[in-house]
Amino acid sequence: MSERLPEADSERIDRLREALRSADFTADGLLDLLGGPAYAALARSETVPALRATRGAGPLQTLVRLFLLQQSVPRGRAEAALPLDDVLAGGWLVPAEPEAGAADGAGSVRATVDVRPYSGPEGQDWWIVADLGCAVAGAGGVGSPPGAHSGDVVLGVGGASTTLAGITVRRPVARALDVGTGSGLQALHAAQHAGHVTATDLNPRALAFARLTLMLSGAPEAEFGQGTLFEPVAGDEPYDLIVSNPPFVISPRARLTYRDGGMDGDDLCRTLVDRAAGHLAPGGYCQLLANWEHRDGEDWHERLRSWVPDGCDAWIVQREVQDVTQYAELWLRDAGDHRAGDAAYAARYGEWLDEFERRGTTAVGFGWITLRKSGAADPAVLVEEWPHPVEQPLGEEIVQHFQRQDFLRATDDAGLLDCYFELAEGVVQEQVGMPGAEDPEHVVLRQHRGMRRATKVDTVGAGFAGVCDGSLPAWRILDAIAQLVGEDPVLLRDRTPRAIRLLVEQGFLLPVVARNGAAAEE
């Protein structure tokens, strides 16, 4: 018989939340209890260090053992940490089965779900509810929780979900949509700055978990809809923000709902991007994580540009690339197929490679896709590879990226030279060359904030960037540089706008006109 999920009873959940907070069952409390190494190990689904750290009988140790480590605890310990009647009646705990050799197992209880503390962007204490043992996908595979078919398993907090939360634009909006909500993390974030939140998922278990996550975290109510992609919101008013951590894994057949999209290759991600435009309000953003194929004889940049719907600007960042063997091995382990026996594992591995060979796929990319519905006749679409560390959260940097694109699109070269610029915060200059050399071989501008980019510049570019403080127009700075280096100022003005555009696009220089809404007075 399938084990029921906890009930969405608001009064009982309110009392449970207060008990969790009272016991300091929070992200900070968990870190203090476990210490850094055990805390990090738990995030990798390695439980032994946490088991050793929770051998005491305090309420926090009890809650960690129940909700994170899948351990039974005596009823008396559970009652000291929780409103026991509430959590038993609500289905959060159930009597534990007697252990082999034990005289009486009826005196113990166990959790039915994973409840994981999570810290909100402003330090809020939140809790993400998911299937037991599925807060993150470990190297051992997600397995199958009690009462759930393996294909319907609902994961909790993982690296992909926190990455998406970090890059999402966090400005106040009227309407937000979370497509493929899973355990509800993106909807929970959106509820903090959206007047109305809708969360959808193909998996009804996911919708039940998402509702529990929002209720337990004390978030405003959301609307929930079951179905594929945008089917549940067909005919709805457009949204100002759409977020999605979709089932983007490119697999030969759909076995696991949380990761396998059920379409050929990367068609699910392509379809999600294409249809998003029809559900976005003017100026609205759609942000998602995605996998995409690198195909033999095709430029992956051009493939992704072809995905972008008319009337939308786009910024697509490839963060990682894996060859097809690495990719297959990663997701075979995710499903636990490496434990199925040598013959079965080899057969499934071969099935993945056969599918990639059939499609001409040589590698798979992973990254971020952001659309903005601009309505521009000449949309700005940037597709790039940036595998280096970045500074999260990046939501505000993404807004500023599109603002800079608006500025560049509206400003011709003559107008660019009339503009005032400032060097962005956190930009430093590095000079590279042989020790003792009179001049550096090259000069690098490097960001210590946001995307943390680095770009080579020539002497003129370095000098220009160093002088930009918003007090002089670009042409006047260039004329001064021309005089210093002995170059014709007209020729320098002609050849420099392209370099200025690149520095603006990448966020090294900020146009004062774009930041303040009006150009500085000379």
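- Ring geometry for Phe402 against Tyr285 counts as perpendicular: the plane angle is over 60°, on a 0 to 90° scale with 30° as the lower cut.
- Here the closest non-hydrogen pair linking Arg77 and Gly58 is NH2-O, 4.5 Å.
- Between Glu397 and Arg404, at least one side-chain nitrogen of the basic residue sits less than 4.0 Å from a carboxylate oxygen of the acidic one, meeting the salt-bridge criterion.
- With sequence neighbours left out, the side chain to side chain donor-acceptor pair (under 3.5 Å) criterion links Tyr118 to His189.
- The backbone N or O of Pro95 lies less than 3.5 Å from no partner atom in the side chain of Arg75, so there is not a single donor-acceptor pair.
- Relative orientation of the Phe230 and His279 rings is parallel, given thresholds of 30° and 60° on the angle between their planes.
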Donor-acceptor contacts, no H, no angles, side chain residues 79-91, under 3.5 Å, sequence neighbours left out:
residue	atom	partner	partner atom	Å
Asp86	OD1	Arg15	NH2	3.3
Asp86	OD2	Arg15	NE	2.5
Asp86	OD2	Arg15	NH2	3.4

I'd like to know whether Glu237 forms a side chain to side chain donor-acceptor pair (under 3.5 Å) with His196, so could you lay out the CA-CA distance, the side-chain angles of the two residues, the decisive distance to 0.1 Å, and finally the verdict.
CA-CA 11 Å; Glu237 294 180 24; His196 176 86; over 6 Å; no
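- Side chains of Thr325 and Asp323: a donor on one and an acceptor on the other come within 3.5 Å.
- Ring-plane geometry between His294 and Trp300 is classed as parallel, the angle between the planes falling under 30 degrees on a 0 to 90 degree scale with a further cut at 60.
- Both the sub-6.0 Å distance and the 45° axial angle are not jointly satisfied by Arg319 relative to the ring of Phe366.
- A cation-pi arrangement is present between Arg453 and Trp386 under the rule of less than 6.0 angstrom and at most 45 degrees off the ring axis.
- Note on Arg348 versus Glu351: no salt bridge recorded, every NZ/NE/NH1/NH2 to OD/OE distance being 4.0 Å or above.
- The backbone N or O of Asn245 sits nowhere less than 3.5 Å from a side-chain atom of Gln186 that would complete a donor-acceptor pair.
- In this structure Val249 satisfies the side chain to side chain contact (heavy atoms under 4.5 Å, CB included) test together with Ser251, Arg259, Asp260, Tyr327, Trp331, Trp352, sequence neighbours excluded.
- Without hydrogens or angle criteria, Asp131 side chain to Val153 main chain gives no donor-acceptor distance under 3.5 Å.
- Atom CD of Glu221 has 12 or fewer heavy atoms from other residues, nucleotides or ligands within 6.0 Å.
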